[in-house]
Amino acid sequence: MSVRVRYAPSPTGSPHVGNIRDALFKHYFAKHHRGVNILRIEDTDRTRYVPGVEEEIVESLNWLGIEFQEGYGIGGDLGPYRQSERKEQGIYAHWTQVLLDKGAAYKAFDTSEELAEMREFQQINKRPIGYFGGMWRDATPAQVETAEREGKPMVVRLRIPRNETIVIQDAIRGRIEWDSNTVDDPVLIKGDGMPTYHFAAMVDDHLMGITHIMRGEEWISSAPKHAVLFDAFGWERPVFVHCPVINGKDGKKLSKRHGDTRCLDYRSAGYLAQALKNFIVLIGWAPGGDRELMTDEEIVEAFDIPGLQPAPGVFDMEKLRWMNGTYIRQLSVPDLVSAVEAYVGHPETEAYWLRDVADDEGRKKNEATWGALALLRGGITSDREYADRAIALDQERVVTLADFGEATAFFFQEEPPMDEKAVAKWFAVPHAAGLFTELKAWLGGRSSVTVEECEAFLRAFGERLGLEKIGPVVHPTRVALTGKTVGPGLFELMSLLGPERMTRRLDRALAEIAP
RNA sequence: GGCCCGGUCGUCUAGUGGUUAGGAUGCCGCCCUUUCAAGGCGGAGGUCGCGGGUUCAAGUCCCGUCCGGGCUACCA
């Protein structure tokens, strides 16, 4: 039988890394088995519904190249793929009635106050907390009829069998069992007529032919309810695959301060989709052996249940940064420049760096980052070839796409800011003025210089000075030309800057030495 | 409180009874070198949560225990 899985987000907020990892596992699992991945929107909680999130979910998924063969926005024979629409079609009402007719579910008319009271009582008496029947599980038809006539609030609950052992077979953890007396009767249909996750997801999973219920391990506790539901219908249970979750550095669920960033913010921050995917898939899954850097094809080939880890993992930002850097370095120059061009040109990039942040220092840094990026964007429009070559020169020196702003800034600034300490150190060497003057003279009249010519000139100058190492010649020149002590190879950068720009910068340096 | 899941360097992990417990990241050092990176080489970092067993042999099997986490909603 062909594998069918589903990614079923609730549109209650922007997709974060945890959600995306879930989607990623299903994507690779389906591809590995040449099966089907379905996108289903679970919008049964109207109180938490956030408009516009569906679009962001789709955009996040598209950015990462997570594929679906069926579902919301794609289509398929088993739609609709949005649960609120399925509810409108009466799908859940129909299957609720089936359960009611079988006696596998029952109507309950407790008020929320009564429920709260019940829980309080259970807490005080140290009893298991939950709905284990109340007065409605075994109410007579007459009592139910009266309650309905009085218009009391009603929910439908699943009748969990008592005094039994409920066993599920988890594909990662093996056999898991519960005393059915510790499993309470879950609500299937809420007071507003909407189905709960427990009901809608399981009914849809069956109707959509889902073969593997892959989900986070936080669902293990509800698994017996779901198993009982499948059994009550007489449906074959899918394979349960409870995947480990991603935790923050504190070992707890991912939170804002621990890297649970909005998925698309990684794009805005300059991460490559492929790097993020490779990194995230490796949390909670390993291909065996020492493999880490993998192409998408290799991951598809290797991804399967045996590599899934039972223990949750921690999101390590530093390792993501390393991986992103190696992915940037692996890009061909044409691919690199188009990635950078797309990045600086994306409206969300600017919005990301310029958005409100609480601390002052952080905001200033972000503004500076965007300032440099905007400079690069301007450079690309005014002289694309020049900009592209500048980008290529910094490929080895960045971790994210955003780093290209700062790294290439001096190429576009008419008067790059000078690092004062560097000026103090390198403009003070005795040969500085002579070096700049000679270089200027050498440049005079030329329209361009090659890397080799620059190197030859500076080496010759060094030799005339009797220098063994070329450092004392290189460093002052670098500072004069870029204002900085770090950056791409000096000869390469000189060739790209060209005689005109260099001459102006040398004039400025000379003025600095002897005002 | 109850139920359930988990536990190998800080972190991600390899490991399926016999390995000096391996790799990656991060950290430190050296080399290369015009700087910073990148790259190469090396180092520190693990009593495999702990305690008992079983076995000639245990990270690997069994029992107990501790710690962490999840659920305990008419949220998902």
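Just so it is clear: chains get the letters A, B, ... in the order the sequence lines come, proteins before strands, and each one is counted from 1.
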When all nucleic acid strands are considered with a 4.0 Å heavy-atom cut-off, which category describes [X]: base, sugar-phosphate, or nothing?
X	value
A:Asp184	nothing
A:Gly284	sugar-phosphate
A:Leu458	nothing
A:Arg459	sugar-phosphate
A:Glu217	sugar-phosphate
A:Leu282	sugar-phosphate
A:Val155	base
A:Gly289	sugar-phosphate
A:Pro472	nothing
A:Glu177	sugar-phosphate
A:Gly487	base
A:Phe279	nothing
A:Ser10	sugar-phosphate

Fill in: A:Arg459 to A:Phe457, cation-pi by 6.0 Å centre distance and 45° axis angle
no

Between [M] and [N], how far apart are the [atom1] atoms? Round to whole Å, please.
N	M	atom1	value
B:rC56	B:rG70	C1'	42 Å
B:rA58	B:rU72	P	43 Å
B:rG51	B:rC31	C1'	48 Å
B:rA44	B:rG29	C1'	10 Å
B:rC66	B:rC50	P	15 Å
B:rU13	B:rC48	C1'	13 Å
B:rA14	B:rU19	C1'	12 Å
B:rG26	B:rC32	P	23 Å

To the nearest angstrom, how far is [X] atom [atom1] from [N] atom [atom2]?
X	N	atom1	atom2	answer
A:Phe240	B:rC4	CZ	C1'	14 Å
A:Phe404	B:rA37	CZ	P	16 Å
A:Trp219	B:rC75	CH2	P	11 Å
A:Met194	B:rA76	CE	C1'	13 Å
A:Asp290	B:rU13	CG	P	14 Å
A:Arg119	B:rC71	CZ	C1'	14 Å
A:Lys249	B:rG10	NZ	C1'	10 Å
A:His198	B:rA76	NE2	P	8 Å

Are any of [X]'s side-chain N or O atoms less than 4.0 Å away from OP1 or OP2 of [N]?
X	N	value
A:Lys190	B:rA76	yes
A:Arg329	B:rG39	yes
A:Trp322	B:rU25	yes
A:Arg321	B:rG26	no
A:Gln309	B:rG7	no
A:Arg157	B:rC74	yes
A:Thr44	B:rA76	yes
A:Lys319	B:rU13	no

Worksheet entry | Separation between NZ of A:Lys26 and CD1 of A:Ile213, rounded to the nearest 0.5 Å | 9.5 Å

Worksheet item: Just how far is it from atom CZ of A:Arg505 to atom CD of A:Gln413, taken to the nearest 0.5 Å?
Response: 7.5 Å

Report the nucleotide, chosen from [options], that has the shortest atom-to-atom distance to any side-chain atom of [X].
X	options	value
A:Val187	B:rC74, B:rA14, B:rC36	B:rC74
A:Asp316	B:rU34, B:rC74, B:rU25	B:rU25
A:Val314	B:rC12, B:rC36, B:rU34	B:rC12
A:Ser222	B:rG6, B:rA76, B:rU11	B:rA76
A:Pro310	B:rG7, B:rA37, B:rC3	B:rG7
A:Ile470	B:rU34, B:rG70, B:rC74	B:rU34

Fill in: Over 12 foreign heavy atoms within 6.0 Å of CZ, A:Arg127
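Check fails, neighbour count at 12 or below.
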
Discussion item. Are more than 12 heavy atoms, taken from residues, nucleotides or ligands other than A:Glu120, located less than 6.0 Å from that residue's CD atom?
Written reply: no

Worksheet item: Using 4.0 Å as the upper bound for N to carboxylate O, is an ion pair formed by A:Asp184 and A:Lys225?
Response: yes

Worksheet item: Ion pair present between A:Asp185 and A:Arg159, side-chain N to carboxylate O less than 4.0 angstrom?
Response: no

Discussion item. Need to verify one output field. Residue with the more 5' nearest nucleotide on RNA chain B, A:Ile220 or A:Pro153?
Written reply: A:Ile220

Practice prompt. Between A:Arg127 and A:Ile283, name the one whose nearest nucleotide on RNA chain B is closer to the 5' end.
Written response: A:Arg127

Taking pairing as Watson-Crick or G-U wobble with both contacts under 3.5 Å, can you name the mate of [N], or confirm there isn't one?
N	answer
B:rU25	B:rG10
B:rC3	B:rG70
B:rU19	none

Practice prompt. Give a yes-or-no answer on whether the side chains of A:Arg173 and A:His242 include a donor-acceptor pair shorter than 3.5 Å.
Written response: no

Worksheet item: Under the 3.5 Å rule, do the base of B:rC5 and the side chain of A:Arg173 count as making a donor-acceptor pair?
Response: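 No.
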
Practice prompt. Compute the centroid of each ring, for A:Tyr271 and then for A:Phe279, and state whether the two points are separated by less than 6.0 Å.
Written response: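 No - the distance between ring centres of A:Tyr271 and A:Phe279 does not fall below the 6.0 Å cut-off.
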
Item to complete: Determine, using ring centers only, whether A:Phe109 and A:Trp136 are less than 6.0 Å apart.
Response: yes

